[in-house]
Each structure stands twice: as structure tokens, then as C-alpha cells.
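So you know, we letter chains A, B, ... as the sequences are listed, proteins then strands, and number each from 1.
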Amino acid sequence: MVAVEAREVRLRAGIDPESWRAGVVGATLGTLDRRGKYLMAGFGRSTAVLHLGMSGRLALVRPEVPCAAHTHLRLRFEGAIELRLIDPRRFGMAVVVPTERLTDLAPLAALGIDALDGDIEAGLLAAAARSASPIRSVLLDQTVLAGIGNIYANEALARARIHPLRPASSLARARVARLAAAVKAVLHGAIAAGGTTLEDGGFSDAAGNAGNFAVQLAVYGREGLPCERCGSSIRRRVASGRSLFFCPRCQR
DNA sequence: AAGCCAACCTGGACGC
DNA sequence: TGCGTCCAGGTTGGCT
């Protein structure tokens, strides 16, 4: 790593330019890892932890490329390559911590089993059995499963044919097990399609490519459109301050 | 003590 | 054209 520039430090957790410089300039990027929605880049004794919030994205560009609006952090590597954190709403996070204290970092320490590559069925069964909350809330609880956001929670529930407001503890175990499988299928499907880029065009990969999973969404953002299984009109409601989309006939 | 809700911030879509 | 309102992928802290 050759240089670090913080252009805007006021993110959810403020960027501390000095800890970035001290931690990564002159160090070599060794490992790349992910837990839930947190990205981790290991630089030996220091590790960078990133979260993209709702509107964040990374861009890998040559240093001379002009900065897009809301470019907050520039990480310049040898060989004229630069990684940029761009996040209009500034809900993201970009911190550097000593690697030995990485697991103590509060947001990471609280995470549950990784939804993508962990064995989630037992954890989801246990969490659902003990919670009277809507099953959608359990899916979004990062301390139960790490990595599921509102889009994929809605989609997994649609695939498993479970109503998002169904009290978690009222679901038969077999249905929760089916939900666990649906979570896996939705996440792997979304990754295979390159992610979900909605009409506002917020998400793109580091090369700037939009994802194609939006066309496969069964319910999210489809209020009033017909359910592809039964033709009923997809409904939208708000619960706990978040939109939920579901088919009123298929999902019970 | 679990769970709801506002707050954080900006941009885009929409209605008038 | 312009202004006001509403909405959005997430997380946290305060309140009940």
C-alpha cells in the first residue's frame, strides 16, 4: 500500500486517517475475508474492516481516474491501482484495527453464523423457536445469521412460502428448515447473478458492473405486480420501519 | 429484556 | 423549472 487519502471522514463510524496511514501504508495486503456484511483486508499486524451500509460500493480504478461524487476513501497500491470507497449516504464504515484485536471489534463479535457459508439450519431453528417476533425480524437479526439484508430476507421468505410477519416460534420446524435452504438458494443465486442492482443503480461491483439479480426478484419491489406462482397481487407493508413484500396467497 | 423506532445522510422519484 | 414530500439496500442507541 503506497498511500491513503480520506476525503470525507464523517461516516457511521468516522474514518480516522491517522490509523489508516499507520496501519496500512507500507504494509502488504495479505488476506481478504468477509463475515456477514463486513469486509476485512489483512495487512499483517493491522486489518482494515469495511461495511458498505446501504449505498456504499467499492471501485477499483487507476489513480488518475477522477473521483466520483461521495468518494470518501482512496487506497493506492503499487502498480497504479487504487481502491475507492464511495458511499453517498455515508452509512458505511471503514476502520483499521490491530489484527490481534479484530475479534473484539464490537460489530464483528456480535455476528451470528454467516448466512452464506455457515451451517445455518440449527441456528435458525433455535432462534426461531425462542422468538415470538415476526420471522422476518429473526432473519434480519445479524446476531442470529450474519449477512441477510431486507431484499434477501423478503426473497427467502417468498421462496419458502412463509409470511414475513408470521411469529417465528409458531412455525413448524420443517418450515424453518425449508427457510434455511431458501436463504442459501437466494444468496447463492444472487451472487451467481452478480448481485442486486435496483433501478436507482446504487450497487455495482468493483469494476463498475451492475448485478442482474433484480430481474429474478419474486417479491421485493414488486408491489401490485402478479405473483409468478399464483397470479395474486404482491403486497407491500411496513413493519419495524422496513418494507416487506409478499404474496398474500402463497405465503402463510 | 426483547423489540420498536427515530436518527444518521443523500439522491432520486413523484406530485403540484 | 422548482419546490416539497416521501422513499431507499443498514446499524445503533434510547425508549418502553
Side-chain angles (χ1 to χ4, degrees), chain A residues 7-15 34-39 49-58 67-73 85-95 105-112 114-116 126-158 164-170 183 186-187 189-191 193-205 209-224 235-245:
Chain A
R7 304 174 82 236
E8 169 61 80
V9 301
R10 294 172 296 168
L11 268 60
R12 166 160 65 96
I15 295 178
R34 178 195 61 81
R35 282 200 60 202
K37 301 173 188 172
Y38 292 84
L39 309 173
V49 181
L50 303 178
H51 190 295
L52 299 177
M54 289 168 81
S55 57
R57 62 190 166 92
L58 295 171
C67 284
H70 310 291
T71 299
H72 306 319
L73 189 66
L85 173 64
I86 302 156
D87 183 8
R89 291 180 72 180
R90 308 211 305 256
F91 286 0
M93 171 181 146
V95 301
L105 192 66
L108 292 179
L111 294 179
D114 190 89
L116 182 63
R130 80 173 99 90
S131 176
S133 296
I135 185 65
R136 198 268 308 244
S137 299
V138 175
L139 278 183
L140 287 178
D141 184 346
Q142 302 296 300
T143 70
V144 175
L145 300 182
I148 304 176
N150 200 33
I151 294 177
Y152 300 132
N154 276 280
E155 291 300 305
L157 288 163
L165 295 179
R166 180 68 112 80
S169 54
S170 75
V183 166
V186 165
L187 292 180
I191 287 170
T196 304
T197 301
L198 299 176
E199 286 174 12
D200 64 11
F203 167 79
S204 66
D205 69 17
N209 304 304
N212 295 314
F213 194 67
V215 299
Q216 297 182 50
L217 294 174
V219 289
Y220 188 88
R222 302 192 69 242
E223 181 184 16
R235 297 236 177 104
R236 171 181 180 268
R237 287 175 65 175
V238 174
S240 301
R242 316 291 304 276
S243 284
L244 37 87
F245 297 88

In whole angstroms, how far is the [atom2] atom of [N] from the [atom1] atom of [X]?
{"X": "A:M54", "N": "B:dG12", "atom1": "CE", "atom2": "P", "answer": "15 Å"}
{"X": "A:D87", "N": "C:dG9", "atom1": "CG", "atom2": "P", "answer": "15 Å"}
{"X": "A:R89", "N": "C:dG9", "atom1": "CZ", "atom2": "C1'", "answer": "8 Å"}
{"X": "A:L58", "N": "C:dG9", "atom1": "CG", "atom2": "P", "answer": "20 Å"}
{"X": "A:L198", "N": "B:dG12", "atom1": "CG", "atom2": "P", "answer": "14 Å"}
{"X": "A:R57", "N": "C:dA8", "atom1": "CZ", "atom2": "P", "answer": "22 Å"}
{"X": "A:R136", "N": "B:dG3", "atom1": "CZ", "atom2": "P", "answer": "13 Å"}
{"X": "A:F203", "N": "C:dG10", "atom1": "CZ", "atom2": "C1'", "answer": "15 Å"}

Is there a donor-acceptor pair closer than 3.5 Å between any side-chain N or O of [X] and the backbone N or O of [Y]?
{"X": "A:S131", "Y": "A:A168", "answer": "no"}
{"X": "A:R242", "Y": "A:V238", "answer": "no"}
{"X": "A:R35", "Y": "A:L39", "answer": "no"}
{"X": "A:Q216", "Y": "A:A190", "answer": "no"}
{"X": "A:T71", "Y": "A:I86", "answer": "no"}

Can you run through DNA chain C from 5' to 3' and write each base as (, ), [, ], | or . depending on how it pairs? Watson-Crick or G-U wobble, both distances under 3.5 Å. .|||||||.|||||||

Can you name the residues that form a salt bridge (Lys or Arg N to Asp or Glu O under 4.0 Å) with A:D114, not counting sequence neighbours?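 For A:D114 the salt bridge (Lys or Arg N to Asp or Glu O under 4.0 Å) partners, ignoring immediate neighbours, are A:R34.
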
A:R236: salt bridge (Lys or Arg N to Asp or Glu O under 4.0 Å) partners, not counting sequence neighbours: none

Please check the phosphate of [N] (OP1 and OP2 only) for any side-chain N or O of [X] closer than 4.0 Å.
{"X": "A:H70", "N": "B:dG11", "value": "yes"}
{"X": "A:T197", "N": "C:dG9", "value": "no"}
{"X": "A:Y152", "N": "C:dG9", "value": "no"}

Between A:S204 and A:N209, is there a side-chain donor-acceptor contact under 3.5 Å, judged purely by atom types and distance? no

Give, for atom CE of A:M93 and atom CG of A:L50, the distance between the pair rounded to the nearest 0.5 Å.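 So the gap between those two atoms works out to 8.5 Å.
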
With rounding to the nearest 0.5 Å, note down the distance linking CZ in A:R12 to CZ in A:F91. 10.0 Å

When every nucleotide of nucleotides 11-16 of chain C is labelled 5' to 3' by its protein contacts under 4.0 Å (heavy atoms), B for base, S for sugar-phosphate only, - for none, what sequence of letters results? BS----

With rounding to the closest Å, how many angstrom separate the P atoms on B:dC5 and C:dC7?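 Nearest-Å result for B:dC5 against C:dC7 at atom P: 15 Å.
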
Polar atom pairs between nucleotides 4-7 of chain B and protein, under 3.5 Å, N or O only, would you list them?
unit_1 : atom_1 : unit_2 : atom_2 : d
B:dC4  : OP2    : A:S240 : OG     : 3.4

Enumerate, atom names and distances included, each donor-acceptor pair closer than 3.5 Å involving a side-chain atom of residues 134-147 of chain A, sequence neighbours excluded.
unit_1 : atom_1 : unit_2 : atom_2 : d
A:R136 : NH1    : A:N150 : OD1    : 3.2
A:R136 : NH1    : A:S243 : O      : 3.3
A:R136 : NH2    : A:A239 : O      : 2.6
A:D141 : OD1    : A:T143 : N      : 2.9
A:D141 : OD1    : A:T143 : OG1    : 2.7
A:D141 : OD2    : A:T143 : OG1    : 3.4
A:Q142 : OE1    : A:G147 : N      : 2.8
A:Q142 : NE2    : A:L140 : O      : 3.2
A:Q142 : NE2    : A:I148 : O      : 2.9

Please check if the number of heavy atoms outside A:R235 that lie under 6.0 Å from its CZ is greater than 12. no

If you check the A:R236 side chain, which of B:dT10, C:dA8, C:dG9 turns out closest?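 Per side-chain heavy atoms of A:R236, the pick is C:dA8.
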
Applying a 4.0 Å non-hydrogen cut-off, can you work out what A:S55 is touching in the nucleic acid: base, sugar-phosphate, or nothing? nothing

